[in-house]
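One structure below.
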Amino acid sequence: MRAALYVRTSTGEQHADVQMDKLRKIAAERGWEVVAEFVDAAVSSGRKRRPEFEKMLMLAREKGVDLICAVALDRYARSLWELLDLSERLASWGVDLVSLREQIDTSGAAGKLIFHLMGAVAEFERALLRERTIAGLEAARRRGRQLGRPRLDVDTDL
């Protein structure tokens, strides 16, 4: 298995080598060929751009690796939605995702099951949120509440 290892640290005080050492050890134990290592140092999870992560995804999309591995799911994504989106993209490219802390490995049946369950729960949560939002809007309308942006008073005679 050709692997890409990914490390992200949130602050300058954290050391990427601690994470990378764990990943290299696991790769050696499992007999993976490490073809690339990517490190986004001092990149908060709230930032949209993670240059090394994006490079890793390009390599995955080009079929340069069979799996990507990080120490925890929160290194990959900031939310469940983002994680599921990543999982779907990787699956469409034939690339598996591994997370050490959560012991998730989508190359096996159990790892795929966990991701499908997470996806089902996320879809259920989205549906509940939608139902609550619609119910709230309908209740507000029944109370006579004006919804949406206030109308602008525009002088068309100019």
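Side chains are part of it too, since the values below use all heavy atoms of this structure and drop only hydrogens, waters and symmetry mates. Quick note: residue numbers are just sequence positions, from 1.
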Connected via hydrophobic side-chain network under 4.5 Å: Ile114 and Leu73
yes
Are Trp93 and Ile104 connected, step by step, through hydrophobic side chains (Ile, Leu, Val, Met, Phe, Trp, Tyr) whose heavy atoms are closer than 4.5 Å?
yes
Does Arg50 pair with Glu54 as a salt bridge, N-O distance under 4.0 Å?
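A salt bridge is absent here (no side-chain N lies under 4.0 Å from a carboxylate O).
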Electrostatic pair Lys55-Glu52, nearest N-O below 4.0 angstrom
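Yes.
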Identify the heavy atoms of [X] and [Y] that sit nearest to each other, and give their distance.
| X | Y | result |
| --- | --- | --- |
| Ala77 | Leu83 | CB-N, 3.5 Å |
| Ala70 | Arg75 | CB-CB, 4.0 Å |
| Ala27 | Val34 | CB-CG2, 3.6 Å |
| Ala72 | Glu102 | CA-OE1, 3.5 Å |
| Leu23 | Tyr6 | CD1-O, 3.4 Å |
| Val95 | Val65 | CG2-O, 3.5 Å |

Centroid-to-centroid, Phe53 to Phe38, below 6.0 Å?
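No: the rings miss the under 6.0 Å criterion.
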Polar side-chain atom of Arg89 near backbone of Arg61 as donor-acceptor pair, under 3.5 Å
no
For the pair Thr106 (side chain) and Asp96 (backbone), establish whether a donor and an acceptor sit closer than 3.5 Å, ignoring hydrogens and angles.
no
Please determine whether the number of non-hydrogen atoms from other residues, nucleotides or ligands lying under 6.0 Å from atom CD of Gln103 exceeds 12.
no
Taking atom NZ of Lys25 as the centre, does the number of heavy atoms from other residues, nucleotides or ligands within less than 6.0 Å exceed 12?
no
Applying side-chain hydrogen bond (donor to acceptor under 3.5 Å, both in side chains), name anything that partners Lys112, two or more places apart in sequence or on another chain.
none
Quick one: [atom1] on [X] to [atom2] on [Y], what's the gap to the nearest 0.5 Å?
| X | Y | atom1 | atom2 | result |
| --- | --- | --- | --- | --- |
| Tyr76 | Arg8 | OH | CZ | 12.0 Å |
| Arg30 | Leu67 | CZ | CG | 9.0 Å |
| Lys22 | Leu100 | NZ | CG | 8.0 Å |
| Leu5 | Ile26 | CG | CD1 | 10.5 Å |

[X] versus [Y]: any side-chain heavy-atom pair under 4.5 Å?
| X | Y | result |
| --- | --- | --- |
| Trp32 | Asp66 | no |
| Val98 | Met1 | no |
| Asp74 | Arg101 | yes |
| Leu59 | Ile68 | no |

Ile134: which of Arg132, Glu131, Glu138 passes side-chain contact (heavy atoms from CB on, under 4.5 Å)
Glu138
With sequence neighbours excluded, tell me which residues meet salt bridge (charged side-chain N to carboxylate O under 4.0 Å, His left out) with Arg24.
Asp21, Glu37
Go through the steps to decide whether Thr9 and Val18 satisfy the test side chain to side chain contact (heavy atoms under 4.5 Å, CB included), and finish with yes or no.
CA-CA 10 Å; Thr9 61; Val18 173; over 6 Å; no
